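Structure, as structure tokens:
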Protein chains: 2
Amino acid sequence: MLEIIHLEIIQELDKQKSLTKAAETLCLSQSALSHTIKKLEQQLGVALWVRDGRYLRLTQAGLYLLSLSSRILPQLNHAEMMIQQYAEGKAGNLRIGLECYPCYQWLLKVVSPYLEAWPNIDIDVKQKFKFGGLDALENYEIDLLVTPDPIFKEDLLFQPVFDYEQILVVGKNHPLKDKKYIQPTDLLNEILITYPVPADRLDIYSQFLIPAGIVPHQHKTIETTDIILQMVESHRGVTALPLWLVKENMKQFKIAPVRLGKHGISKHIHVGIRKKDQELSYIQSFIDQAMAVELYG
Amino acid sequence: MLEIIHLEIIQELDKQKSLTKAAETLCLSQSALSHTIKKLEQQLGVALWVRDGRYLRLTQAGLYLLSLSSRILPQLNHAEMMIQQYAEGKAGNLRIGLECYPCYQWLLKVVSPYLEAWPNIDIDVKQKFKFGGLDALENYEIDLLVTPDPIFKEDLLFQPVFDYEQILVVGKNHPLKDKKYIQPTDLLNEILITYPVPADRLDIYSQFLIPAGIVPHQHKTIETTDIILQMVESHRGVTALPLWLVKENMKQFKIAPVRLGKHGISKHIHVGIRKKDQELSYIQSFIDQAMAVELYG
DNA sequence: TTGAACTATGCATTATATTCATAGTATGGT
DNA sequence: ACCATACTATGAATATAATGCATAGTTCAA
């Protein structure tokens with residue numbers, strides 16, 4: 001009934017007061033415009049213009065639609081520009097899911113330069129998933145999954161973005177502090193503090209303690225890194241964290257890193273996306289920037 | 001490019017999640033809808049939906065347009081309703097021009113019942129015109145002219161809406177008070193107070209004094225009726241007003257009416273409209289109500 | 001009164017939207 | 001694993017609507 005072209009016609013016609021001139025700017029013939037407005041008036045059952053001698057003047061109904069069009073058309077124009085941005089991959093919403101606690105610290109380093117480079121991309125970070133990060137990615141709840149445990153599935157694409165060593169963190173005066181590396185048995189009498197996740201997703205268990213059949217004296221879970229490090233600092237326990245994260249916190253806390261095993265635990269953070277999205281430049285750019293982040297160690 | 005039907009499709013498709021069902025409510029075939037959305041996506045250069053197995057899910061660009069459509073469509077729907085109102089003559093803007101000072105008092109009596117009867121008609125009252133009321137009417141600055149001096153022109157239509165007698169107003173103790181009617185010579189020593197308009201538009205001049213070649217002792221002009229009546233009340237002058245207006249004010253002011261000449265001055269207020277507008281029911285209704293107004297005397 | 005500049009209109013043409021018929025694809029039950 | 005079902009996609013044919021052409025009608029100013 002009432003189409004966008006009609007609103008444009010009403011505006012242009014009011015500006016030019018002349019069918020012929022308005023037709024020109026609208027890239028139509030005068031005839032087409034005449035036919036169009038006649039049909040519109042017939043459909044609406046209302047005169048929108050009075051033929052005032054040689055020119056046209058809006059009626060009250062026409063004036064009403066003029067005010068409508070000056071409200072509507074800018075919104076539509078803006079929307080088309082935004083869609084253009086989406087089309088070029090310059091606008092969007094990057095929903096990032098995290099499956100590891102210290103990933104958040106790392107993510108912060110990536111996000112701020114990224115936001116500057118992509119002003120029309122908004123970032124959401126989600127840390128909890130009902131069905132786990134993988135499902136969230138497949139179900140379009142998130143667009144990018146940061147995880148230390150990639151799983152290769154047909155429609156998903158994982159790639160490592162940075163490597164780090166998972167080490168033991170002890171207080172400055174802890175007896176293990178000066179060891180070149182520790183053995184699983186060294187933890188027999190320690191209190192181990194970790195984030196509250198299942199033991200099979202903690203590398204210190206899966207790659208270090210469990211293979212040796214060792215269980216620490218006690219296991220406590222704490223949600224936040226700062227509190228964990230305060231506990232470690234005051235010799236209330238030891239923890240396992242990425243080396244780079246420990247180095248960043250060594251000025252603030254009296255703590256020290258110790259290698260876990262002779263060769264250390266080597267970890268790789270992966271970023272997963274849907275294969276369908278791999279061409280999106282704002283996603284590819286995020287991964288590029290993620291790989292470029294400089295971390296201590 | 002982006003059409004209203006597209007916004008409707010986006011909404012309906014998001015509601016139903018299914019091309020087939022959405023096509024039904026949109027009164028289209030499934031095929032037509034499929035073609036349409038494919039073309040839209042091609043034109044915009046962006047995917048708006050992901051074909052998620054059997055159903056469709058909006059992409060981020062699609063979600064953006066969904067939010068757009070939920071802002072735009074209600075505005076358009078409302079506009080179409082309003083246009084419908086305009087078409088039925090139930091909405092509009094009645095701009096009334098006044099060419100006589102006491103007309104305003106009379107107008108107030110018409111307006112309030114009219115506004116109740118026509119809730120979507122707004123009334124503007126304009127009392128001053130650069131080029132006079134007639135031109136204002138012809139140039140669509142006003143839609144209805146209230147005037148005691150109709151001029152018959154081809155494109156305009158005047159009709160009398162009420163008759164009244166123009167009388168002299170004097171203070172309660174004025175010597176002329178008890179005369180059955182006065183002669184022009186009776187005003188020789190009086191101070192005549194009028195609204196500030198040219199003498200040829202004052203009936204007391206054109207129909208009473210000038211034919212007799214009489215000029216009053218003094219002539220003062222005052223803009224507001226209340227102040228004029230206060231002056232008359234305190235015997236600072238006399239004035240000429242419609243009888244009905246005087247009767248309305250006799251409780252408030254100590255004043256009295258006296259007939260001007262043996263047969264009085266008979267006046268007719270006319271309402272003028274453009275001939276083109278005579279079918280508009282909200283205008284015709286205004287005139288009907290104007291004629292029905294009850295006035296004293 | 002006339003010519004220039006505009007608007008309106010019938011008809012032919014072109015472009016666009018829609019449908020039909022059918023192939024392709026995912027889903028859930030057996 | 002297969003099949004029936006319910007959906008979407010697509011090419012070609014068709015219907016519908018928009019546009020342009022040619023021209024007539026109107027207005028205005030010189």
Side-chain angles (χ1 to χ4, degrees), chain A residues 1-44 46-59 62 135 138-140 153-156 274-276, chain B residues 1-59 62 135 138-140 153-155 274-276:
Chain A
M1 187 72 152
L2 191 57
E3 298 297 328
I4 286 165
I5 182 68
H6 296 143
L7 298 183
E8 288 168 342
I9 288 173
I10 286 166
Q11 280 226 325
E12 200 55 39
L13 221 37
D14 184 65
K15 206 182 290 170
Q16 313 259 10
K17 316 277 184 207
S18 144
L19 264 190
T20 311
K21 281 175 192 154
E24 211 167 307
T25 45
L26 291 166
C27 298
L28 281 174
S29 67
Q30 173 270 325
S31 164
L33 193 50
S34 178
H35 282 295
T36 304
I37 68 175
K38 186 179 181 184
K39 190 181 168 199
L40 176 63
E41 286 183 314
Q42 283 176 347
Q43 283 183 330
L44 296 178
V46 121
L48 298 179
W49 296 271
V50 277
R51 278 63 179 176
D52 183 14
R54 190 178 288 197
Y55 297 102
L56 297 179
R57 162 193 293 120
L58 286 168
T59 62
D135 290 324
E138 287 189 305
N139 293 328
Y140 284 80
K153 290 197 87 178
E154 207 183 338
D155 56 338
L156 301 182
R274 290 178 293 274
K275 268 203 177 127
K276 282 179 181 173
Chain B
M1 187 72 152
L2 191 57
E3 298 297 328
I4 288 167
I5 182 68
H6 296 142
L7 298 183
E8 287 169 343
I9 288 172
I10 286 165
Q11 281 227 323
E12 199 56 39
L13 220 38
D14 183 65
K15 205 182 290 170
Q16 311 261 8
K17 317 277 184 208
S18 145
L19 265 190
T20 310
K21 281 174 193 155
E24 212 166 306
T25 46
L26 291 165
C27 298
L28 282 174
S29 68
Q30 172 270 323
S31 167
L33 193 51
S34 178
H35 282 294
T36 303
I37 68 175
K38 187 180 182 186
K39 190 181 167 198
L40 176 63
E41 287 182 314
Q42 282 175 347
Q43 283 182 331
L44 295 179
V46 117
L48 299 179
W49 295 271
V50 275
R51 277 64 178 175
D52 182 15
R54 189 179 287 196
Y55 298 103
L56 296 180
R57 161 193 293 121
L58 287 167
T59 62
D135 290 323
E138 286 189 307
N139 292 328
Y140 284 81
K153 291 197 85 178
E154 207 184 339
D155 56 337
R274 289 178 294 273
K275 268 204 178 127
K276 282 178 181 174

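Heavy atoms only: backbone and side chains are in, while hydrogens, waters and symmetry mates are out. Source: prediction; values computed, not measured.
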How many Å lie between CD on E24(A) and C1' on dG20(D), as a whole number? 15 Å
Do I37(B) and L13(B) touch side chain to side chain, with heavy atoms closer than 4.5 Å? yes
Could you state the CD1-C1' distance from I5(A) to dT16(C), rounded to the nearest angstrom? 15 Å
If you measure from OG on S18(B) to CD on E12(B), what distance do you get to the nearest 0.5 Å? 10.5 Å
Please report the shortest heavy-atom distance between H6(A) and L40(A), naming the atom on each side. ND1-CD1, 3.5 Å
For every nucleotide of nucleotides 4-14 of chain D, 5' to 3': is a protein heavy atom under 4.0 Å from its base (B), only from its sugar-phosphate (S), or from neither (-)? -BSSBBBBB--
Can L7(B) and Q11(B) be said to form a side chain to side chain contact (heavy atoms under 4.5 Å, CB included), step by step? CA-CA 6 Å; L7(B) 298 183; Q11(B) 281 227 323; 5.9 Å; no
If you compare every side-chain N and O of K39(A) against the phosphate oxygens of dA17(D) (OP1, OP2), does one of them come in below 4.0 Å? no
Between atom CD in E8(A) and atom P in dA18(D), what is the gap in whole Å? 15 Å
Gap between atoms CD and C1', on Q42(A) and dA18(D) respectively (whole Å): 15 Å
Roughly, in whole Å, what's the span from CD in Q16(A) to P in dT7(C)? 11 Å
Does a side-chain heavy-atom distance below 4.5 Å link L33(B) with T20(B)? no
Side chain of S34(B), backbone of Q30(B): donor and acceptor closer than 3.5 Å? no
Would you kindly give the CZ-to-C1' distance between R57(B) and dA26(C), to the nearest whole Å? 14 Å
Rounded to whole angstroms, how far apart are CG on L26(B) and P on dA17(C)? 15 Å
If I take atom CG in residue L33(A) and atom P in nucleotide dC21(D), what distance separates them, rounded to the nearest angstrom? 15 Å
Short side-chain N/O contact to dT18(C) OP1/OP2 from T36(B), under 4.0 Å: yes
